[in-house]
Amino acid sequence: RKEVEQDPGPFNVPEGATVAFNCTYSNSASQSFFWYRQDCRKEPKLLMSVYSSGNEDGRFTAQLNRASQYISLLIRDSKLSDSATYLCVVIRGDTDKLIFGTGTRLQVFP
Amino acid sequence: DAGVTQSPTHLIKTRGQHVTLRCSPISGHKSVSWYQQVLGQGPQFIFQYYEKEERGRGNFPDRFSARQFPNYSSELNVNALLLGDSALYLCASSLGGTGAQETQYFGPGTRLLVL
């Protein structure tokens, strides 16, 4: 079983839609959580950190549920420019390495 | 400010050859990590270096090695290339303090194709 699991998608949604991605992690020692965005043939870029209290950045909301060991990302009012792969990332408490999920591909159409 | 830079951007090699990939971190960052991303997968951790010392190693064979220089730039070396080594190799830099809470910034990557 992979340490970080995501539905690879693709999720095809119209502009203006709300879309949610979930990610589960298996190691309870995981300490830090992030969502990265990766455009086709580009490097991953940090979208947002994820906190237990939940956090929002414009149209993006991230939530962490430690008890159930899952992380979510909600995108409201989807734009064409949101089309990308969204990578769920965790860091275990005993290491600095980023552990990535396989990514969830989002395609927003007009 | 310049971000993380990597060279070369693309590389084609044949099986059995070796390759050296280079990375320059963001100015002021002392930690460099290397990741391998094969098509359709998330990046996989290979190495992390901090202050020229190896801080972490992923589950990769000994054909993979790396080092960090006094100016904090880094090289990743892969010997005896296999077809399965074809991937995007990403370098990430961070300040290099406690680590777990730090943001890692990725370079554009080196796309390696092994024929």
Side-chain angles (χ1 to χ4, degrees), chain A residues 1-10 21 23-52 55 57 62 64 71 73 84-106, chain B residues 3-7 9-10 21 23 25-26 29-51 53-60 66 87-113:
Chain A
R1 183 187 172 190
K2 291 186 178 179
E3 192 163 345
V4 179
E5 297 212 55
Q6 294 180 253
D7 181 345
F21 307 136
C23 163
T24 58
Y25 61 95
S26 59
N27 195 317
S28 59
S30 298
Q31 194 171 66
S32 301
F33 309 88
F34 308 90
W35 284 100
Y36 275 72
R37 170 194 168 127
Q38 187 172 28
D39 292 293
C40 189
R41 303 184 72 80
K42 299 284 190 180
E43 73 274 21
K45 292 186 178 177
L46 178 66
L47 180 65
M48 57 200 307
S49 302
V50 189
Y51 306 111
S52 297
N55 47 304
D57 183 2
L64 166 64
I71 306 150
L73 177 68
T85 296
Y86 291 83
L87 295 158
C88 175
V89 183
V90 307
I91 299 179
R92 290 204 307 263
D94 61 344
T95 179
D96 297 339
K97 69 178 183 181
L98 302 181
I99 303 168
F100 286 83
T102 55
T104 297
R105 189 168 156 226
L106 171 66
Chain B
V4 180
T5 59
Q6 292 187 244
S7 63
T9 56
H10 296 81
L21 311 180
C23 170
I26 293 169
H29 284 195
K30 298 181 178 180
S31 180
V32 169
S33 298
W34 287 95
Y35 294 81
Q36 179 197 64
Q37 186 175 23
V38 300
L39 199 61
Q41 299 294 318
Q44 297 292 311
F45 173 77
I46 310 175
F47 288 109
Q48 185 184 35
Y49 276 77
Y50 173 66
E51 290 281 15
E53 297 288 329
E54 183 183 296
R55 189 184 245 181
R57 173 185 282 257
N59 189 24
F60 280 80
L88 177 66
Y89 288 85
L90 294 159
C91 172
S93 84
S94 58
L95 285 168
T98 56
Q101 302 298 326
E102 290 185 350
T103 299
Q104 295 189 23
Y105 298 89
F106 285 85
T110 294
R111 199 165 294 276
L112 173 66
L113 177 61

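Just so you know, these numbers use all the heavy atoms, side chains as well, and skip hydrogens, waters and symmetry mates. Residue numbers start from 1 in every chain, and the chains themselves are labelled A, B, ... in the order their sequence lines are given, proteins ahead of strands.
By the salt bridge (Lys or Arg N to Asp or Glu O under 4.0 Å) test, B:K30 pairs with B:E51, sequence neighbours left out. For B:F60, the ring pair (Phe, Tyr, Trp, His ring centres under 6.0 Å) partners at least two apart in sequence or on another chain are B:F64.
Distance CZ/B:R57 to NZ/A:K97: 12.0 Å, rounded to 0.5 Å. To the nearest 0.5 Å, atoms CG (B:L39) and CZ (A:R41) are separated by 8.5 Å.
Residue A:R105 places its CZ atom among 12 or fewer non-hydrogen atoms of other residues, nucleotides or ligands, all under 6.0 Å distant.
With a 4.5 angstrom heavy-atom cutoff, A:Q38 touches chain B only via side-chain atoms.
Minimum interatomic distance between A:P44 and B:L90 (heavy atoms only, all atoms of both residues): CD-CD1, 3.8 Å. Closest non-hydrogen pair, B:Y35 versus A:L98, comes out as OH-N, 3.1 Å.
A:E43 and B:Q6 form no side-chain donor-acceptor contact under 3.5 Å, judged by distance and modelled atom types alone.
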